[in-house]
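Here's the structure we're looking at; comments come further down.
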Amino acid sequence: MAASGKLSALRLPPLPTIREIIKLFRLQAVKQLSQNFLLDLRLTDKIVRKAGNLTNAYVYEVGPGPGGITRSILNANVAELLVVEKDTRFIPGLQMLSDAAPGKLKIVHGDVLTFKVEKSFPGSLKRPWEDDPPNVHIIGNLPFSVSTPLIIKWLENISNRNGPFVYGRTQMTLTFQKEVAERLVATTGSKQRSRLSIMAQYLCSVKHIFTIPGQAFIPKPEVDVGVVHFVPLVQPKIEQPFKLVEKVVQNAFQFRRKYCHRGLSMLFPEAQRLESTGKLLRLADIDPTLRPTQLSILHFRSLCDVYRKMCDEDPQLFGYNFREELKHKKDKPLEREEEESCGL
Ligand code: SAM
């Protein structure tokens, strides 16, 4: 008796299926908004299981849509689930879930790019950064056009310990286009190594936990989808401001198939380019003929530390942006054919 009582407390009561919810509320996916829904509750359960132990957790789900992942989270015995959804059409279906799980589900009609989750959960959940992660989790299957800018924003939040990371080292389980998931975890020397690999890995332990084939979604996207788990590191592998790291990494990958000195030289104004690039690489102890993809996080750490010193010696340097210089000069087009298409 006790066991079945416990079970009924954990599980949602019988509800229409997600497919029925979609029909009931006429929730046709809007292709332009890249709405691809997961209807298979075994898959949504798997995403939630891989997010970690959610017992009594406070969970922030981004882009719940018709609520497949939302149901799996509610079934994981969480203390509270906060969902932020931009498209009003989904709110009544989510409300039905909220009625089925009284007091557990909070629905916000809003935009995850601006929503401030740091004010949403009890302050008592906060843990010192060095402790184990707090019982706060972020989970979401967002359109790819939103998930990439959002992870960059959250990586900056991790570096500054603000936003969702005021609670401590909040874990995230998010979906990306498979190719982006592969970049996020790409190791030194691999073909997929990119800006995103360095930016994510200097701040987090990043795992591509599994891939969901495109055909599992309705409508089917062009690509497969990677589920990625992030845990912020106690000690970032590069200890410089996020914007400085971003600038060094962005320049290094400017010409990804050329020697690394080529992209890094663009950190410096033309008049001092040759000399300063030589100094940067010498002091950072880096072979100028390594390709950007061959640079390890430790290499980037040295580059950022030396570049920081050079910026301290020359306060104008950090503000220098070669693109601005080019705009003024209307110079010959840059050799940008090799820059990654999405810029990351
Ligand atoms: N999570 C659901 C699932 O897995 O079936 C829906 C996935 S669908 C790819 C993405 C959802 O995110 C849609 O419901 C869409 O309306 C919502 N969305 C898109 N951009 C958003 C934003 N900036 N803020 C909040 N929600 C957003």
Side-chain angles (χ1 to χ4, degrees), residues 12 15-51 54 59-76 78 81-98 105-117 120 137-154 157 163-164 172-178 180-181 209-228:
L12 288 168
L15 283 164
T17 62
I18 297 289
R19 204 177 282 278
E20 286 161 349
I21 295 254
I22 289 174
K23 268 207 191 126
L24 192 62
F25 295 104
R26 300 204 171 121
L27 303 176
Q28 257 64 357
V30 182
K31 218 172 170 188
Q32 293 91 313
L33 298 180
S34 306
Q35 289 177 336
N36 309 99
F37 305 138
L38 263 179
L39 309 192
D40 181 343
L41 293 186
R42 282 166 309 181
L43 276 175
T44 56
D45 279 350
K46 184 169 177 186
I47 295 177
V48 169
R49 224 175 26 249
K50 297 284 183 181
L54 298 189
V59 181
Y60 173 33
E61 188 196 352
V62 289
I69 300 175
T70 318
R71 287 183 186 209
S72 297
I73 298 171
L74 287 170
N75 277 328
V78 297
L81 169 58
L82 168 75
V83 296
V84 175
E85 171 57 59
K86 197 174 174 179
D87 186 338
T88 36
R89 295 178 307 140
F90 295 111
I91 306 297
L94 293 168
Q95 194 54 53
M96 186 185 268
L97 281 184
S98 175
L105 177 59
K106 281 194 192 158
I107 305 163
V108 173
H109 173 222
D111 188 328
V112 297
L113 289 166
T114 48
F115 182 73
K116 291 194 180 333
V117 71
S120 303
H137 293 254
I138 298 176
I139 301 178
N141 171 34
L142 278 168
F144 305 136
S145 57
V146 181
S147 52
T148 305
L150 193 61
I151 192 63
I152 294 289
K153 178 176 141 89
W154 280 340
N157 288 149
M172 303 180 277
T173 309
L174 302 167
T175 58
F176 296 87
Q177 185 175 336
K178 182 171 167 243
V180 175
I209 39 183
F210 66 105
T211 299
I212 308 179
Q215 62 259 30
F217 294 84
I218 303 212
K220 176 182 173 305
E222 306 277 297
V223 289
D224 292 340
V225 172
V227 182
V228 182

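Whatever order the structure lists them in is the order used to number ligands and atoms, beginning at 1. Along the sequence shown, the residues carry numbers beginning at 1.
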Atoms of ligand 1 close to N36 [distance to a heavy atom under 4.0 angstrom, numbered from 1]: 7 (C), 8 (S), 9 (C)

What do we get for V112 next to ligand 1 when only non-hydrogen atoms under 4.0 Å count, side chain, backbone, both or neither? both

Looking only at heavy atoms of G68, does any of them come nearer than 4.0 Å to an atom of ligand 1? no

Could you list which atoms of ligand 1 come closer than 4.0 Å to a heavy atom of G110? 24 (N), 25 (C)

Please verify the inter-ring angle class for F115 with Y60; under 30° counts as parallel, over 60° as perpendicular, anything in between as tilted. tilted

Against heavy atoms of V146, which atoms of ligand 1 measure under 4.0 Å? 20 (N)

In this structure, are over 12 heavy atoms from other groups packed under 6.0 Å from K153 atom NZ? yes

Shortest non-hydrogen contact from G67 toward L94: CA-CD2, 4.2 Å

So, the side chain of Q95 versus the backbone of P92: is there a donor-acceptor pair under 3.5 Å, distance only? no

With heavy atoms under 4.0 Å as the rule, classify the contact between F115 and ligand 1 as side chain, backbone, both or neither. neither

Kindly confirm or rule out an N or O of G63 lying under 3.5 angstrom from an N or O of ligand 1. yes

Check: E85 side chain, G65 main-chain N or O, donor-acceptor pair, under 3.5 Å: yes

Residue I69 vicinity, atoms of ligand 1 by number, heavy atom under 4.0 Å: 4 (O)

Of D40, N141, D224, I47, the one forming a side-chain contact (heavy atoms from CB on, under 4.5 Å) with I212 is I47

Give the atoms of ligand 1, by number and element, whose distance to some non-hydrogen atom of V84 is under 4.0 Å. 25 (C), 26 (N)

I'd like the name of whichever of E61, K86, E85 reaches closest to atom 15 (C) of ligand 1 through any heavy atom. E85

Could you tell me whether the side chain of H109 and the main chain of K86 form a donor-acceptor pair under 3.5 Å? yes

What are the two closest non-hydrogen atoms of S72 and D45, and how far apart are they? OG-OD1, 2.7 Å

If we ignore hydrogens and angles and just use 3.5 Å, is the side chain of T44 paired with the main-chain N or O of I69 as donor and acceptor? no

Between L38 and ligand 1, does any nitrogen or oxygen pair lie at a separation below 3.5 Å? yes

Does the residue G67 have a heavy-atom contact with ligand 1, meaning some pair of atoms that are separated by less than 4.0 Å? no

Atom indices of ligand 1, in the order listed, that fall short of 4.0 Å to a heavy atom of D111: 22 (C), 23 (N), 24 (N)

Polar contacts were defined as any N/O atom of the residue lying under 3.5 Å from an N/O atom of the ligand; does this apply to D87 and ligand 1? no

